[in-house]
Protein chains: 4
Amino acid sequence: MTATRDGKAPLAPRSRSRQKILDAALGAFSRRGFHETRMEDIAALAGVAKGTLYYNFPSKADLFAALVCEGMEMFITVLDREIVSDLPFPEHFRRLVGVHVELLLRWRDLFVTASNPVTHGFAPDIVERVEAARDRYVGYVAGIIRKGQETGYLRPLDPDLLASEILGIIDGILRHQSRTRTPHSRDALTSEVHALLVHGLLAPRPARDGAGAEPKPPRGDPG
Amino acid sequence: MTATRDGKAPLAPRSRSRQKILDAALGAFSRRGFHETRMEDIAALAGVAKGTLYYNFPSKADLFAALVCEGMEMFITVLDREIVSDLPFPEHFRRLVGVHVELLLRWRDLFVTASNPVTHGFAPDIVERVEAARDRYVGYVAGIIRKGQETGYLRPLDPDLLASEILGIIDGILRHQSRTRTPHSRDALTSEVHALLVHGLLAPRPARDGAGAEPKPPRGDPG
Amino acid sequence: MTATRDGKAPLAPRSRSRQKILDAALGAFSRRGFHETRMEDIAALAGVAKGTLYYNFPSKADLFAALVCEGMEMFITVLDREIVSDLPFPEHFRRLVGVHVELLLRWRDLFVTASNPVTHGFAPDIVERVEAARDRYVGYVAGIIRKGQETGYLRPLDPDLLASEILGIIDGILRHQSRTRTPHSRDALTSEVHALLVHGLLAPRPARDGAGAEPKPPRGDPG
Amino acid sequence: MTATRDGKAPLAPRSRSRQKILDAALGAFSRRGFHETRMEDIAALAGVAKGTLYYNFPSKADLFAALVCEGMEMFITVLDREIVSDLPFPEHFRRLVGVHVELLLRWRDLFVTASNPVTHGFAPDIVERVEAARDRYVGYVAGIIRKGQETGYLRPLDPDLLASEILGIIDGILRHQSRTRTPHSRDALTSEVHALLVHGLLAPRPARDGAGAEPKPPRGDPG
DNA sequence: GATGAATGAGACTTCATTCAT
DNA sequence: AATGAATGAAGTCTCATTCAT
């Protein structure tokens, strides 16, 4: 459309506005939600006129979709770059959790935005784009889980379901944070999440001797 | 719609219309979200006139709040009734998961509605009511976890954070279901969730011999 | 929709607003044209709130369509009532012209509105409704012409094309009037239009002796 | 689009862009109407940037006015050139109709554009220019009629009103064509229009014997 | 208790126009 | 002479809410 003709051309001046708008929209959407955010607010936040929003994005829903899609891509890109894949899996997995937590703390807004199930009244093609972006991300996580299962480290549970659950855990953490307003540190959160994911809720000792899924009550403990 | 199962009225029947409206609102909110649901839609679904909505509830936000609050109370009531508390904890916990899954499958709409972070533009007192209801529910789950920790069965992780994470897991499952459209059975879901919560992701064998939190890679495995 | 249920019911209270709006819209559209008329203007003219317009009509284009359709129906109804059909055709035709002219003077606004080819950006179904209404009216006029041809009074030219041309003449007259701002009287206009339609432009004498459709030039004239 | 037929530039080629824009505007306005045509559309159609439109014309309304004015001048120029004025009037009149029909078929877009009563919201000076151009054209046709009346060929009806009616007829024909999508040939249309104008609707035979304006019915004509 | 016609503030979006390049 | 990113006034339409019945 407006794009770089001849293949080369101005890589930078491709509308500085576009990025300013995306940044503003991220802040606004994540803080107030999609419906409570007015295009007027985004424009003011970005320091451009309302019309400039529509010069860069066809509609509010499109702006939202672009935000989520590009954000998810960025997420995956960063994850891919930060996680060195030839580490032994346990280390690999711990880094996944760590980088993830870090990303979430830094891009909390984006994650909240992308998790928001607001696509109800959207045009079908936009819903599709947003869902495809989410799926790509869920699929990325599921892929890591699947690799862990193939190498025998992870239990053979449904990888896609697990990925959804993991994202749900992250969502739960974010909600907990916004409720209690006492943000945990990066390391504390990483340990917490890693522990839950890797070991589950069960205390180490009682579970160790138990033979089945149901550990006996502690009174049977010789110690 | 989802109405009066088994003959017992689940939400207080202060008036015939009131109940019809709550049922209709539950269906509408859960299916289309708060903002995409019009008062007109609810009225039509309930088979009453729009004015009747305002005769029974001061505002749309109040209707939403009433729905969430009464729903959460009902949840807790049922959980309390169904879970016999003097069972040994592991059994207790498994029943919690099982009943929870059952409730979620039956009252999926209510859970989706209550999880929706749509209270952005609401009046402060209504936000407070909704959050109090959610907190009561999260607190209930956290209480069970705390009891499990006190009896030594569960790892000493932050109970409130854990409760949020558990609800996040459930949310993730529900989203996974609506994406894949192949609803798991009650028992399958219960096992899946229970397994993840109790044992974590780690495969049993390799983890068994490891001494620390970080299991060694399988090549060190003599078997 | 909002309509008379059970078949009987309140014939009158079927929204007095609706008629007030149609009247106001007629005045506004005819005076300023479709695009230059704001919904705000119509509301003010009708003495109702902007929302009332949308309570009665789904959109501006729908309001326009309703206006044209109901107007055309009214036109045909009046024409049918006023023209006694068993008169000899010449009288019949003269009355058609006379009543037509009268209608046009009285409902000039409506005719201007209906003639306006503004349906360009309209939804297909609305375009269809408006065109159907126009066609019904053109067809009515064409029917009268056809009858005149069958009884041998009118030349066997394409009736539908003739009807369009007649409406074009009327349109031309209305434009002429709005240009010159000196409205002719009912009778003067009737005579003028009738003369043109019945006898054409040719002066009686010279044309009388010509044998064919193409009158010879005056040099062949003995006088 | 409709451009430079026969090698002669029809609209003054003050600049290359200017002409491209006028051509594009003609196509766009005639097809979609003034209000539904975006400056963007015209620019795209002309293959120039939006700014170039404003480099050549002060405003959209000015562009429209220039189009109509130059078009009408061109019309009159061609009519004057094609109609040799010293022919006997009947032949003169027939050529007028013939050339007119030809022009209309070729420049249908321009005629439709110029006939469109869209000047409602225009600035007074622009309205004046457009109306002056239309009037010049209507006056040209009225002048021919007046000449016909002076030489005794045409009935002494109001020449200006007649001119308007004639243009209305032509408009009616064009609408009929766009409705029925079966364009008549040049000659067929010429005959049809000429017949209507010269002889009116009345069938030759019955009208021949009648003495007055109201012919008697054919059956019981005792004399 | 219940109704539904009426309201009007405010949202999204359009598009003619400008101006630095 | 030409461009196109940016603008912002103004329009259409939505929908929670009211109130006379």
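In what follows, chains are A, B, ... by sequence order, proteins preceding strands, each numbered from 1. Keep in mind the model is a prediction, meaning the values are calculated, not measured.
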- [ ] Taking only the side-chain nitrogens and oxygens of S17(D), find out if one of them lies under 4.0 Å from OP1 or OP2 of dA1(F).
- [x]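 False: S17(D) side-chain N/O out of range (4.0 Å or more) of dA1(F) OP1/OP2.
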Open item on the list: For a quick test of reading the model: is some side-chain N or O of T52(D) closer than 4.0 Å to OP1 or OP2 of dA1(F)?
Closed with: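 For dA1(F), OP1/OP2 do not have a side-chain N/O of T52(D) under 4.0 Å.
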I need the [atom1]-[atom2] distance between [X] and [N], as an integer number of Å.
| X | N | atom1 | atom2 | answer |
| --- | --- | --- | --- | --- |
| I42(B) | dA16(F) | CD1 | P | 8 Å |
| F122(A) | dC12(E) | CZ | C1' | 13 Å |
| I21(A) | dA6(F) | CD1 | C1' | 10 Å |
| F64(C) | dT12(F) | CZ | P | 14 Å |
| D41(D) | dC15(E) | CG | P | 9 Å |
| D62(D) | dA16(E) | CG | P | 14 Å |
| R38(A) | dT13(E) | CZ | P | 12 Å |
| R18(B) | dA2(E) | CZ | C1' | 16 Å |

TODO: Apply the test side-chain contact (heavy atoms from CB on, under 4.5 Å) to residues E36(B) and D41(B): give CA-CA distance (whole Å), side-chain angles for both, the deciding distance (0.1 Å), then the verdict.
DONE: CA-CA 10 Å; E36(B) 288 302 312; D41(B) 302 339; over 6 Å; no
Task: Closest contact, heavy atoms only, R134(D) versus M72(D) - done: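 That would be N-CG, 4.5 Å.
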TODO: Indicate the atoms forming the closest heavy-atom contact of G27(A) with S30(A), along with that distance.
DONE: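 That closest heavy-atom pairing would be O-OG, 3.1 Å.
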Could you list the protein-to-nucleotides 17-21 of chain F atom pairs, N/O on both sides, closer than 3.5 Å?
from, atom 1, to, atom 2, distance (Å)
dT17(F), OP2, Y54(B), OH, 3.1
dT17(F), OP2, K60(B), N, 3.0
dT17(F), O4, K50(B), NZ, 3.1

Open item on the list: Please compare E40(A) and L53(B) by the position of their nearest nucleotide in DNA chain E and report the one closer to 5'.
Closed with: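 Whichever sits nearer the 5' end wins; that is L53(B).
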Open item on the list: Please compare V48(A) and T37(C) by the position of their nearest nucleotide in DNA chain F and report the one closer to 5'.
Closed with: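 Whichever sits nearer the 5' end wins; that is V48(A).
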To the nearest 0.5 Å, tell me how far [X] [atom1] sits from [Y] [atom2].
| X | Y | atom1 | atom2 | answer |
| --- | --- | --- | --- | --- |
| C69(B) | M74(B) | SG | CE | 13.0 Å |
| F122(C) | K60(C) | CZ | NZ | 8.0 Å |
| K20(B) | D23(B) | NZ | CG | 10.5 Å |
| E40(D) | L53(D) | CD | CG | 10.0 Å |

- [ ] Show the numbers, then the answer: is there a side-chain contact (heavy atoms from CB on, under 4.5 Å) between F64(D) and I126(D)?
- [x] CA-CA 9 Å; F64(D) 179 83; I126(D) 295 183; over 6 Å; no
- [ ] Going by the side chain to side chain contact (heavy atoms under 4.5 Å, CB included) test, name the single residue among V68(B), I42(B), L67(B) that passes it with L26(B).
- [x]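 Of all the options given, the one that passes is L67(B).
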Open item on the list: Output the pairing pattern of DNA chain E as a dot-bracket string, 5' first, Watson-Crick or G-U wobble with both distances under 3.5 Å, | for cross-strand pairs, [ ] for crossing pairs.
Closed with: .||||||||||||||||||||
